[in-house]
Amino acid sequence: MTGEAPAGVPGPALPDAFFDRDAAQLARDLLGKVIRRRWRGLWLSARIIETEAYYLTDRGSHASLGYTEKRRALFMNGGTIYMYYARGGDSLNFSAHGPGNAVLIKSAHPWLDAVSDARALACMQRLNPDAQGRPRAPTRLCAGQTLLCRALGLKVPDWDGKGFDPQRFFVEDVGQEVPRLINTTRLGIPAGRDEHLPYRFVDPAYAAFCTRSPLRRGQEAGRDYVWMDRSGATLA
(Lines give C-alpha, C1' and ligand atoms only; values in the text may rest on other atoms or scores of the structure.)
Protein backbone atom coordinates (compact mmCIF):
# COMPACT_ATOMS: atom_id res chain seq x y z
CA MET A 1 0.00 0.00 0.00
CA THR A 2 3.05 2.24 -0.16
CA GLY A 3 5.28 3.34 -2.98
CA GLU A 4 7.80 5.99 -3.96
CA ALA A 5 7.26 9.24 -5.85
CA PRO A 6 8.55 12.82 -5.67
CA ALA A 7 6.71 14.66 -2.88
CA GLY A 8 3.41 15.98 -4.20
CA VAL A 9 4.29 15.37 -7.85
CA PRO A 10 3.01 12.27 -9.69
CA GLY A 11 5.09 10.66 -12.40
CA PRO A 12 4.30 10.88 -16.12
CA ALA A 13 1.06 9.53 -17.51
CA LEU A 14 1.16 6.32 -19.52
CA PRO A 15 1.23 7.28 -23.22
CA ASP A 16 -1.65 6.49 -25.56
CA ALA A 17 0.56 3.86 -27.21
CA PHE A 18 0.42 1.81 -24.00
CA PHE A 19 -3.35 1.42 -24.45
CA ASP A 20 -3.29 0.89 -28.21
CA ARG A 21 -2.71 -2.86 -27.85
CA ASP A 22 -4.64 -6.11 -27.72
CA ALA A 23 -7.34 -5.88 -25.01
CA ALA A 24 -6.27 -8.99 -23.06
CA GLN A 25 -2.61 -7.91 -23.10
CA LEU A 26 -3.62 -4.45 -21.94
CA ALA A 27 -5.78 -5.95 -19.19
CA ARG A 28 -2.81 -7.94 -17.90
CA ASP A 29 -0.36 -5.05 -18.10
CA LEU A 30 -2.70 -2.64 -16.29
CA LEU A 31 -2.41 -4.74 -13.13
CA GLY A 32 -0.11 -2.89 -10.74
CA LYS A 33 -0.56 0.46 -12.48
CA VAL A 34 -1.92 3.37 -10.46
CA ILE A 35 -4.87 5.59 -11.32
CA ARG A 36 -4.24 9.21 -10.33
CA ARG A 37 -7.21 11.54 -9.86
CA ARG A 38 -6.88 15.20 -8.85
CA TRP A 39 -9.74 16.15 -6.55
CA ARG A 40 -10.00 19.44 -4.65
CA GLY A 41 -6.27 19.89 -4.26
CA LEU A 42 -5.46 16.24 -3.50
CA TRP A 43 -4.20 13.41 -5.68
CA LEU A 44 -6.44 10.41 -5.01
CA SER A 45 -4.74 7.18 -6.08
CA ALA A 46 -5.69 3.54 -6.54
CA ARG A 47 -3.63 0.57 -7.68
CA ILE A 48 -5.39 -1.55 -10.33
CA ILE A 49 -5.83 -5.12 -9.04
CA GLU A 50 -8.57 -6.61 -11.27
CA THR A 51 -9.40 -6.12 -14.94
CA GLU A 52 -11.59 -7.64 -17.64
CA ALA A 53 -10.96 -7.62 -21.39
CA TYR A 54 -13.74 -7.16 -23.95
CA TYR A 55 -13.73 -7.47 -27.75
CA LEU A 56 -16.06 -6.33 -30.50
CA THR A 57 -16.76 -9.97 -31.44
CA ASP A 58 -17.40 -10.96 -27.84
CA ARG A 59 -21.13 -11.19 -27.12
CA GLY A 60 -20.54 -10.07 -23.55
CA SER A 61 -19.27 -6.67 -24.70
CA HIS A 62 -21.23 -3.47 -25.16
CA ALA A 63 -19.59 -2.97 -28.55
CA SER A 64 -21.05 -6.24 -29.85
CA LEU A 65 -24.47 -4.56 -29.67
CA GLY A 66 -23.36 -2.10 -32.33
CA TYR A 67 -22.16 1.45 -32.59
CA THR A 68 -24.20 4.15 -30.87
CA GLU A 69 -23.31 7.68 -29.83
CA LYS A 70 -23.16 6.49 -26.21
CA ARG A 71 -20.70 3.71 -27.14
CA ARG A 72 -18.55 5.82 -29.44
CA ALA A 73 -15.57 5.75 -27.02
CA LEU A 74 -15.27 1.99 -27.60
CA PHE A 75 -14.65 2.66 -31.29
CA MET A 76 -12.08 5.41 -30.73
CA ASN A 77 -8.30 5.17 -30.44
CA GLY A 78 -6.70 3.22 -27.62
CA GLY A 79 -6.65 5.17 -24.38
CA THR A 80 -10.07 6.75 -24.75
CA ILE A 81 -12.13 6.68 -21.56
CA TYR A 82 -15.44 4.83 -21.76
CA MET A 83 -17.78 5.20 -18.79
CA TYR A 84 -21.28 3.88 -18.30
CA TYR A 85 -23.75 3.25 -15.49
CA ALA A 86 -23.62 -0.20 -13.87
CA ARG A 87 -25.97 -1.19 -11.06
CA GLY A 88 -26.76 2.44 -10.33
CA GLY A 89 -23.13 3.55 -10.25
CA ASP A 90 -20.40 4.72 -12.60
CA SER A 91 -18.04 2.26 -14.31
CA LEU A 92 -14.60 2.91 -15.81
CA ASN A 93 -13.16 1.41 -19.02
CA PHE A 94 -10.29 2.22 -21.38
CA SER A 95 -10.43 1.54 -25.11
CA ALA A 96 -7.77 -0.80 -26.52
CA HIS A 97 -6.42 -1.50 -30.02
CA GLY A 98 -9.10 -2.04 -32.64
CA PRO A 99 -12.68 -0.77 -32.85
CA GLY A 100 -14.91 -2.07 -30.08
CA ASN A 101 -12.14 -3.50 -27.88
CA ALA A 102 -11.66 -2.30 -24.31
CA VAL A 103 -10.67 -3.10 -20.73
CA LEU A 104 -12.94 -2.72 -17.72
CA ILE A 105 -11.26 -1.64 -14.50
CA LYS A 106 -13.04 -4.06 -12.22
CA SER A 107 -11.45 -3.13 -8.89
CA ALA A 108 -8.46 -1.43 -7.30
CA HIS A 109 -6.86 -0.78 -3.92
CA PRO A 110 -6.00 2.58 -2.30
CA TRP A 111 -2.42 3.55 -3.03
CA LEU A 112 -0.47 5.70 -0.58
CA ASP A 113 2.86 7.35 -1.37
CA ALA A 114 4.47 10.79 -1.36
CA VAL A 115 1.86 11.98 -3.88
CA SER A 116 -1.19 10.52 -2.16
CA ASP A 117 -0.98 10.48 1.63
CA ALA A 118 -3.42 9.78 4.47
CA ARG A 119 -5.37 12.94 3.61
CA ALA A 120 -6.09 11.55 0.16
CA LEU A 121 -7.26 8.26 1.65
CA ALA A 122 -9.56 10.09 4.06
CA CYS A 123 -10.98 12.04 1.11
CA MET A 124 -11.68 8.81 -0.76
CA GLN A 125 -13.47 7.48 2.31
CA ARG A 126 -15.63 10.61 2.47
CA LEU A 127 -16.52 10.21 -1.19
CA ASN A 128 -17.41 6.54 -0.72
CA PRO A 129 -18.83 5.88 2.78
CA ASP A 130 -20.52 2.60 3.66
CA ALA A 131 -24.30 2.11 3.78
CA GLN A 132 -24.44 3.64 7.27
CA GLY A 133 -22.44 6.69 6.22
CA ARG A 134 -19.31 5.56 8.05
CA PRO A 135 -15.79 5.51 6.56
CA ARG A 136 -15.45 2.40 4.42
CA ALA A 137 -12.48 0.15 5.25
CA PRO A 138 -9.58 0.81 2.84
CA THR A 139 -9.60 -2.83 1.74
CA ARG A 140 -13.20 -2.46 0.51
CA LEU A 141 -13.02 1.13 -0.70
CA CYS A 142 -12.36 0.28 -4.36
CA ALA A 143 -13.42 -3.39 -4.32
CA GLY A 144 -15.74 -3.18 -7.32
CA GLN A 145 -16.15 -1.08 -10.45
CA THR A 146 -18.72 1.35 -9.05
CA LEU A 147 -17.01 1.62 -5.65
CA LEU A 148 -13.77 2.54 -7.42
CA CYS A 149 -15.38 5.34 -9.40
CA ARG A 150 -17.15 6.68 -6.32
CA ALA A 151 -13.93 6.70 -4.28
CA LEU A 152 -12.13 8.62 -7.04
CA GLY A 153 -14.98 11.01 -7.84
CA LEU A 154 -15.26 9.80 -11.44
CA LYS A 155 -18.58 10.46 -13.16
CA VAL A 156 -19.93 9.38 -16.54
CA PRO A 157 -20.88 12.91 -17.73
CA ASP A 158 -17.41 14.26 -16.91
CA TRP A 159 -15.19 11.64 -18.52
CA ASP A 160 -17.02 9.43 -21.00
CA GLY A 161 -15.46 9.77 -24.46
CA LYS A 162 -12.56 11.87 -23.17
CA GLY A 163 -8.81 11.37 -23.19
CA PHE A 164 -6.58 11.39 -20.13
CA ASP A 165 -5.68 14.72 -18.54
CA PRO A 166 -2.24 14.75 -16.82
CA GLN A 167 -3.48 17.53 -14.55
CA ARG A 168 -6.63 15.74 -13.40
CA PHE A 169 -6.90 12.05 -14.32
CA PHE A 170 -4.46 9.51 -15.77
CA VAL A 171 -2.74 6.17 -15.21
CA GLU A 172 0.86 5.95 -14.00
CA ASP A 173 3.46 3.20 -13.94
CA VAL A 174 4.89 3.30 -10.41
CA GLY A 175 7.14 0.29 -10.94
CA GLN A 176 4.90 -2.31 -9.30
CA GLU A 177 5.22 -5.26 -11.65
CA VAL A 178 2.84 -8.23 -11.44
CA PRO A 179 4.80 -11.07 -13.10
CA ARG A 180 2.43 -13.83 -11.96
CA LEU A 181 -1.32 -13.30 -12.15
CA ILE A 182 -4.62 -15.15 -11.98
CA ASN A 183 -6.72 -15.71 -15.09
CA THR A 184 -10.37 -16.74 -14.93
CA THR A 185 -13.81 -16.01 -16.39
CA ARG A 186 -15.48 -12.63 -16.09
CA LEU A 187 -18.19 -11.78 -13.61
CA GLY A 188 -21.82 -10.88 -14.34
CA ILE A 189 -21.89 -12.06 -17.96
CA PRO A 190 -25.34 -13.49 -18.80
CA ALA A 191 -25.64 -17.08 -19.98
CA GLY A 192 -25.17 -17.36 -23.73
CA ARG A 193 -23.15 -14.14 -23.93
CA ASP A 194 -19.69 -15.75 -24.01
CA GLU A 195 -19.61 -16.05 -20.25
CA HIS A 196 -17.04 -18.86 -20.58
CA LEU A 197 -14.25 -16.68 -22.00
CA PRO A 198 -11.22 -16.38 -19.66
CA TYR A 199 -10.84 -12.62 -19.89
CA ARG A 200 -10.62 -11.67 -16.20
CA PHE A 201 -7.23 -10.98 -14.65
CA VAL A 202 -6.40 -10.54 -10.96
CA ASP A 203 -3.27 -9.51 -9.06
CA PRO A 204 -2.83 -12.45 -6.61
CA ALA A 205 -1.31 -10.25 -3.90
CA TYR A 206 -4.64 -8.37 -3.75
CA ALA A 207 -7.04 -11.19 -4.63
CA ALA A 208 -8.82 -10.90 -1.27
CA PHE A 209 -9.71 -7.28 -2.04
CA CYS A 210 -11.11 -7.63 -5.56
CA THR A 211 -14.77 -7.95 -6.58
CA ARG A 212 -14.79 -11.68 -5.85
CA SER A 213 -11.62 -13.52 -4.97
CA PRO A 214 -10.72 -16.32 -7.39
CA LEU A 215 -8.74 -17.84 -4.50
CA ARG A 216 -11.76 -18.09 -2.20
CA ARG A 217 -12.63 -21.36 -0.54
CA GLY A 218 -13.82 -24.03 -2.96
CA GLN A 219 -11.94 -22.67 -5.99
CA GLU A 220 -9.38 -24.94 -7.60
CA ALA A 221 -6.42 -24.12 -9.82
CA GLY A 222 -6.75 -25.69 -13.25
CA ARG A 223 -10.51 -25.96 -12.90
CA ASP A 224 -11.72 -22.52 -11.81
CA TYR A 225 -8.67 -20.43 -12.68
CA VAL A 226 -5.14 -20.68 -14.03
CA TRP A 227 -1.84 -19.02 -13.19
CA MET A 228 -0.45 -16.90 -16.01
CA ASP A 229 2.44 -14.54 -16.70
CA ARG A 230 2.06 -11.10 -18.24
CA SER A 231 2.66 -12.42 -21.75
CA GLY A 232 -0.39 -14.66 -21.43
CA ALA A 233 1.54 -17.91 -21.05
CA THR A 234 0.04 -20.41 -18.62
CA LEU A 235 2.23 -21.29 -15.63
CA ALA A 236 2.41 -24.61 -13.85
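For this chain, numbers begin at 1 and follow the sequence in order. Since this is a predicted model, take the numbers as computed values, not measurements.
- Atom CD in Gln176 sits 13.5 Å away from atom CD1 in Ile49 (nearest 0.5 Å).
- To the nearest 0.5 Å, the span separating CG on Leu152 from CG on Leu147 amounts to 11.0 Å.
- Under the 4.5 Å side-chain contact rule for hydrophobic residues, Val178 and Tyr225 do not share a cluster.
- By the 6.0 Å and 45° rule, Arg180 stacks over the aromatic ring of Trp227.
- Smallest separation of non-hydrogen atoms from Ala207 and Leu215: CB-CD1, 4.0 Å.
- By the 4.0 Å N-to-carboxylate-O rule, Arg21 lies close enough to Asp29 to be salt-bridged with it.
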Full working for side chain to side chain donor-acceptor pair (under 3.5 Å) between Arg36 and Ser45: CA-CA 5 Å; Arg36 300 284 194 186; Ser45 301; 2.7 Å; yes
Residues Asp160, Lys155; criterion salt bridge (charged side-chain N to carboxylate O under 4.0 Å, His left out); working and verdict: CA-CA 8 Å; Asp160 182 42; Lys155 300 290 186 181; over 6 Å; no
Side chain to side chain contact (heavy atoms under 4.5 Å, CB included) evaluation trace for Leu92 with Trp159: CA-CA 9 Å; Leu92 177 65; Trp159 292 103; over 6 Å; no
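- Residue Leu14 holds its CG atom at 7.5 Å from CG of Leu30, rounded to the nearest 0.5 Å.
- The nearest pair of heavy atoms linking Trp111 to Ser116 is O-CB, 3.6 Å.
- In this structure, Ser95 contributes its side chain and Gly79 its backbone to a donor-acceptor pair below 3.5 Å.
- Note that CG of Leu197 and OG of Ser61 are 10.0 Å apart. Values are rounded to the nearest 0.5 Å.
- For the pair Arg28 and Asp22, the salt-bridge criterion is not met [side-chain N within less than 4.0 Å of a carboxylate O].
- Legend: residues meeting ring pair (Phe, Tyr, Trp, His ring centres under 6.0 Å) with Tyr84, ordered by chain and number and at least two apart, are His62, Tyr82.
- In this structure, Leu141 and Pro110 approach most closely via the heavy-atom pair CD2-CG, 4.0 Å.
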Verdict with supporting geometry, Met228 and Ile182, side chain to side chain contact (heavy atoms under 4.5 Å, CB included): CA-CA 6 Å; Met228 180 176 285; Ile182 299 165; over 6 Å; no
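- Contact annotation: the side chain of Phe164 approaches that of Ile81 to within less than 4.5 Å [non-hydrogen atoms, C-beta and beyond].
- Among all heavy-atom pairs drawn from Pro214 and Gln219, the shortest one is O-CB, 3.2 Å.
- For Lys33 and Glu172, the salt-bridge test fails: no basic side-chain N is under 4.0 Å from an acidic carboxylate O.
- At a threshold of 4.5 Å between non-hydrogen side-chain atoms, the residues Ile105 and Ile35 count as touching.
- Within the 4.5 Å cutoff, side-chain heavy atoms of Ser107 are placed close to those of Cys210.
- A distance-only check finds no donor-acceptor pair linking the side chain of Asp20 to the backbone of Asp16 [under 3.5 Å].
- Around atom CZ of Arg72, more than 12 heavy atoms belonging to other residues, nucleotides or ligands sit under 6.0 Å away.
- Contact of the Val171 side chain with the Val34 side chain is not registered, since no non-hydrogen atoms from C-beta on lie closer than 4.5 Å.
- Judged purely by distance below 3.5 Å, without hydrogens or angles, the side chains of Glu50 and Thr211 pair a donor atom with an acceptor atom.
- The closest donor-acceptor contact from the side chain of Asp224 to the backbone of Glu220 lies under 3.5 Å.
- Cluster membership for Leu154 and Leu44, using ILVMFWY side-chain heavy atoms within less than 4.5 angstrom, is shared.
- Nearest heavy atoms, Ala63 versus Leu56: O-CD1, 3.5 Å.
- Surrounding CZ of Arg38 are more than 12 heavy atoms belonging to other residues, nucleotides or ligands, all under 6.0 Å away.
- Under the 3.5 Å distance criterion, the side-chain polar atoms of Asp90 are matched with a main-chain donor or acceptor of Val156.
- In terms of modelled atom types and a separation under 3.5 Å, the side chain of Asn183 and the main chain of Pro198 share a donor-acceptor contact.
- Electrostatic pairing of Arg186 and Glu52 does not count as a salt bridge here, judged by no charged N lying under 4.0 Å from a carboxylate O.
- Checked by atom type and distance alone, the side chain of Thr146 never pairs as donor or acceptor with a backbone atom of Gly89 at under 3.5 Å.
- Counting heavy-atom neighbours within 6.0 Å of Asp158 CG, excluding the residue itself, gives a total above 12.
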Side chain to side chain contact (heavy atoms under 4.5 Å, CB included) assessment of Leu104 paired with Gln145: CA-CA 8 Å; Leu104 167 64; Gln145 61 203 69; 3.7 Å; yes
Candidate pair Leu127 and Trp39, rule side chain to side chain contact (heavy atoms under 4.5 Å, CB included), full reasoning: CA-CA 10 Å; Leu127 286 168; Trp39 179 265; 3.8 Å; yes
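- Using a distance-only test at 3.5 Å, with no hydrogens or angles considered, a donor-acceptor pair links the side chain of Arg216 to the main chain of Ser213.
- Interatomic distance, CE of Met124 versus CG of Leu148, reported as 7.5 Å (0.5 Å rounding).
- Remark: Arg59 pairs with Asp194 by the salt bridge (charged side-chain N to carboxylate O under 4.0 Å, His left out) rule, at least two apart or across chains.
- Phe19 and Phe169 fall within a single hydrophobic cluster, where Ile, Leu, Val, Met, Phe, Trp and Tyr side chains are chained together by heavy-atom contacts under 4.5 Å.
- Connection of Leu121 to Ile48 is established within a shared hydrophobic cluster, with ILVMFWY side chains joined at heavy-atom distances below 4.5 Å, either directly or through further cluster members.
- Between Phe18 and Phe94, the distance from one ring center to the other does not fall under 6.0 angstrom.
- Here the shortest heavy-atom pairing between Phe201 and Ala24 reads CE1-O, 4.0 Å.
- A salt bridge is absent between Asp113 and Arg47: the closest approach of a Lys/Arg side-chain nitrogen to an acidic carboxylate oxygen does not fall below 4.0 angstrom.
- Atom CZ of Arg223 has more than 12 neighbouring heavy atoms from other residues, nucleotides or ligands inside a 6.0 Å radius.
- The hydrophobic cluster containing Leu187 does not contain Ile189, counting ILVMFWY residues as joined when their side-chain heavy atoms lie under 4.5 angstrom apart, directly or transitively.
- Although no hydrogens or angles enter the test, the distance criterion places a donor-acceptor pair under 3.5 Å between the side chain of Glu195 and the main chain of Arg193.
- With rounding to the nearest 0.5 Å, the separation of CZ in Arg136 from CZ in Arg126 is 15.0 Å.
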